[in-house]
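To find a chain, count down the sequence lines: A is the first, B the second, and so on, and within it residues start at 1.
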Amino acid sequence: MAIDDLYQEILMDHYKNPRNKGKLHDADLEVHAKNPFCGDEVELDIIWDGGRIKDIHFVGQGCVISQASVSLLTEHVKGKTLEEIEEVIQEFSAMIRGELEKIDEDKLDELCALQGVSKFPTRIKCALLAWNTLKKVVQERKAELEGKGKVG
Amino acid sequence: MAIDDLYQEILMDHYKNPRNKGKLHDADLEVHAKNPFCGDEVELDIIWDGGRIKDIHFVGQGCVISQASVSLLTEHVKGKTLEEIEEVIQEFSAMIRGELEKIDEDKLDELCALQGVSKFPTRIKCALLAWNTLKKVVQERKAELEGKGKVG
Amino acid sequence: MEIVEKMTLNVDRIRKDFPIFDYPDNNNLTYLDNAATTQRPTQVLEEISRYYREYNANTHRGAYRNAEKATLAYEDAREKIARLINARSSREIIFVRGATEAINTAARGWGDRFVRPDDEILITEMEHHSNIVPWQMLVKRRNARLCYWAFDERNGMLEPDGLRIMLSSSTRLLALTHVSNALGTINPVKEIIHAAHARKITVLVDAAQSIPHMPVDVQDLDADMLVFSGHKLYGPTGIGVFYAKEEILNAMDPVQFGGDMIEHVDYFESTWNDLPWKFEGGTPNIAGGIGLGAAVDYVNQIGMEIISGHEKQLVQYALEKLSGVEGVRVYGPMDPDQHGSAVSFTLDRVHPHDLATWLDQHNIAIRSGHHCAQPVMRKLGVPATARISFGVYNTIQEIDRFIIALEQAKEYFSKWL
Amino acid sequence: MEIVEKMTLNVDRIRKDFPIFDYPDNNNLTYLDNAATTQRPTQVLEEISRYYREYNANTHRGAYRNAEKATLAYEDAREKIARLINARSSREIIFVRGATEAINTAARGWGDRFVRPDDEILITEMEHHSNIVPWQMLVKRRNARLCYWAFDERNGMLEPDGLRIMLSSSTRLLALTHVSNALGTINPVKEIIHAAHARKITVLVDAAQSIPHMPVDVQDLDADMLVFSGHKLYGPTGIGVFYAKEEILNAMDPVQFGGDMIEHVDYFESTWNDLPWKFEGGTPNIAGGIGLGAAVDYVNQIGMEIISGHEKQLVQYALEKLSGVEGVRVYGPMDPDQHGSAVSFTLDRVHPHDLATWLDQHNIAIRSGHHCAQPVMRKLGVPATARISFGVYNTIQEIDRFIIALEQAKEYFSKWL
Ligand SMILES: Cc1ncc(COP(=O)(O)O)c(C=O)c1O
Ligand SMILES: Cc1ncc(COP(=O)(O)O)c(C=O)c1O
């Protein structure tokens, strides 16, 4: 449990130079997530392209883990389909919770930089804050598209 | 702490043949006392004669200790002045609570039969139920008479 | 499907888990007041001690390891309780001080929100004060009405057609006890809930006297809300459970406002945290929750079916023996299948309180009084009863010892009376 | 009159009383999160254990010896608490779960009864959520108004003329913290109460952060109501105190209805038991009460003046050292005489949560977050702060260790940021 396992260089870089940060003014959707116990806040702005995320930005403040995690999230899900995103969320969450026996580096790619969080249980919520919110968003989008008969 | 220390013959006799039991229909005052934890209830009916209790009866149901105690109370305070009664109440309560070094047998007389209660803390409330009520009654009577300038 | 063998308990081994029986001053204690509170096994005490000595910290808020450990242990206990009563999720388990606080939470959080003027709250005549007074106060606040479902004083059973008579179109809630602490009656709550639901009536079950003594499955019963106390389930004092279906908890208002139950606090408005924390304002009884989790482990390890079978034998034996004592009157059902682990009785001409003192001198602890059920006493026409009640560690021999002492008490007092 | 010598504490000996510091996995723990919860000394744990192992029984109801013993121990703890805060009588001491439940009890039992439409409730901007949200909800229920007394963000002190400005003829209650958990500010509650009483305004003091750290005398302060939590005073979780003057308690309505708090229960009406039990519905946290009594004995045996003096030294040292670290910003008063045992700060460019994790790796436990005081954070313009807070067992060496680790953290993170 060395501290460097947690604060990997990639994360520090994303914290310092966050990707896709700032409001998307023509967003289809704007959702807020908040960790009531530490005050971290994140807003996700999303533009849909049918069953895909066409663009995604975030606004927020918080610790290295939560901010790097959401910055990586935006990079990782942009352009993906709802199904692909669900798969990543599932895999990523399992990694963070320490439930994966073997991490699929191909699938998670840069996200692997957050694998150290699993050894710091007090930080799991920080890493998952934006992801849990996105999970709900994706579910709702799927339901919406199904309602319109546009999915499948 | 033999059981016979508690259940003295005098008490059994008062339980079986309570003195001054039954309503006093021309009472000046009727007060109720209740032990919420065991359901024992006692009603005291009192006729005043200035600063004295002229007559006192009780109605109630309960255990040997509470009923013998109130029966003895009526015998012991009838005809006494408020000051005398306060003194007995004080002495009696101290005996029951086990706070007396030496029991004044002259003063307490038959009431000494209840001294075993001090060794049975679960029964102290039973023994004091009627006495605590009488204490308040006497205080109020004194205040009333003082208000009328009749005491002293 | 598990097959439950009709095993008998190794009570000798179980008694060794309970330090109270080894304490010299207690001198061979026969403890028959389990309906008031049970004893706690070493396993529970050690778990509490472990929390305080090894990882004591506040929950949910800390950014260091012991805080996380404490949070996990506390939330793990919640999971254990959810499994014990087969809740759909641990979000449905709210930690409170005990059954009383749970019912008060329901009356404020659900009642103040959903009970309208002239609505009826139906309770039974055999409720504990904790399942009476919160509803008396609710109906006063809401201008609603309280109604009673009567029981038959001859056998302690609810009047069979009571529900049909009592349920009206304005009945909003039925709150009733699973097992009566004053009569021992086991109520057929599953059937009752079914009938109430047919009329869209919400049902709260007071399981304070059933959870410790028999398997209880909230989904099978389809209970909307259910409450119990940890201290009657071999757990610590100051902890209990308010269970309610998730949709009910979502619709209800929280009752304790403050730290941990909020999401966002602005100057004039606040929003609430997710379930179950929405209902847990302030630092919780962390050691209590963890201890209750250990108590659940303890009963699971023995097996609730087995505990239940053991206690049924004790109840059956006690009912038989007590009925055989001349001058004894037993209240409640005489059929052990309808009788929970508490047996209420009176002995002619001997007041229950005198009897209790007499038995205490023989190191037999029983309860005397109104058992916080004054309406039951009034109905039975007695000021008080004596009550014996069983736990996993009680034995047939203890009942024998109690019966002998009871006979002696009768003899002692009849000398005089 | 006792003469209090300015003794210094033998902290080494005191640390031996706290098993947490001996537990190997805790590996030389520096515990600086005492404002969240303190550690418990062996003396408290043993007293709890003694109750469970030797005389475990329910209180107030039993007719056997252990029930009486348990009742006496529980009521004796109440006496100890009455003496600790110099209450007129133990009837003024109500056991609750903690400060949060105490404030909720005041808001329901006093507020719902006495607050009228358009009345004002005045609180300060530096309150803990537990002293904000119950009043937000009360004013909604009663159509009353909530007002805030501002503090100066530069020094964490209440605006000096705030009271004069804020108090109006419709102010009914002032609820304020004695010591702020987020800023450390010690408020001059005695003078404030005096000014409020001149206008017949009732005052509730949140003493959660003062009782464990300084002598508090309710008669000297003339506080109408005062609340605190046992777990911050070296006592168990799940127990705390609601103090109010006897005439206030008599006038208030009870809030928890059920067993033990009633005198008489009829079908539709009930009457209440005497004080303090009128407010204690249901089986109480008996072990918690007894444990809190033992905690009071523990602090008395050391001496509250001495604890207070010791902690003042720590605070003074911490304020000095922290201010010396470049990039650190300390909140709240810089004068140690106006600063309670909690010190809040931020470190430039390092988020408090990251700092806390970093320190945790060095076995230093601090708090990071909004400290359940979101309005304070908003006023300071930060999302969160880091906070260190002291107890009787902390030392100057631990502060040194913390400062060194803080410097290292700064270096570590500035490598990147
Ligand atoms: C049937 C029943 N309901 C409620 C209660 C109240 O439980 P507690 O005092 O633990 O809140 C009891 C216990 O006395 C009980 O027997
Ligand atoms: C000032 C203040 N008030 C109230 C509370 C609430 O105390 P509890 O969580 O023990 O109810 C706290 C503790 O967090 C506090 O610091």
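Of the two parts of D/Asn363, the backbone and the side chain both hold a non-hydrogen atom closer than 4.5 Å to a non-hydrogen atom of chain C. The contact between D/Ile286 and chain C is made by backbone and side chain atoms together, counting heavy-atom distances below 4.5 Å. When heavy atoms are compared at a cutoff of 4.5 Å, D/Gln39 approaches chain C by way of both its backbone and its side chain. Residue contact with chain D, scored on non-hydrogen atoms closer than 4.5 Å, is absent for C/Val44. Neither the backbone nor the side chain of D/Asp253 comes within contact range of chain C; no heavy atoms are under 4.5 Å apart. Contact annotation for D/Glu269: both backbone and side-chain heavy atoms come within less than 4.5 Å of a heavy atom of chain C. For D/Pro284, the part lying near chain C is the backbone, with the side chain staying farther off; criterion is any non-hydrogen pair under 4.5 Å. D/Leu146 touches chain C through backbone and side chain together, each having a heavy atom under 4.5 Å away. At a 4.5 Å heavy-atom cutoff, the contact between D/Leu29 and chain C is made by side-chain atoms alone.
Among D/Pro236, D/Gly98, D/Ser229, D/Gly288, the residue with the largest count of heavy-atom pairs under 4.5 Å with chain C is D/Pro236. Of the listed residues (D/Gly240, D/Ala63, D/Ala356, D/Cys372), the one with the most heavy-atom contacts under 4.5 Å to chain C is D/Ala63. Considering only heavy-atom pairs separated by less than 4.5 Å from chain C, the leading option among D/Ile366, D/Asp25, D/Ile239 is D/Ile366.
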Report the C-alpha distance between C/Thr100 and D/Gln256 in whole Å, list the side-chain angles of each, state the deciding distance to 0.1 Å, and finish with yes or no for side chain to side chain donor-acceptor pair (under 3.5 Å). CA-CA 8 Å; C/Thr100 301; D/Gln256 290 284 328; over 6 Å; no
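Side-chain N or O atoms of D/Asn58 include none that pairs as donor or acceptor with a backbone N or O of C/Thr37 at under 3.5 Å. Of the possible polar contacts, none joining the D/Gln136 side chain to the C/Phe257 backbone as a donor-acceptor pair under 3.5 Å is found.
Between the side chains of D/Arg40 and C/Asn56, at least one donor N or O lies within less than 3.5 Å of an accepting N or O.
A search for ring pair (Phe, Tyr, Trp, His ring centres under 6.0 Å) contacts involving C/Tyr148 returns D/Tyr267, D/Phe268, not counting sequence neighbours.
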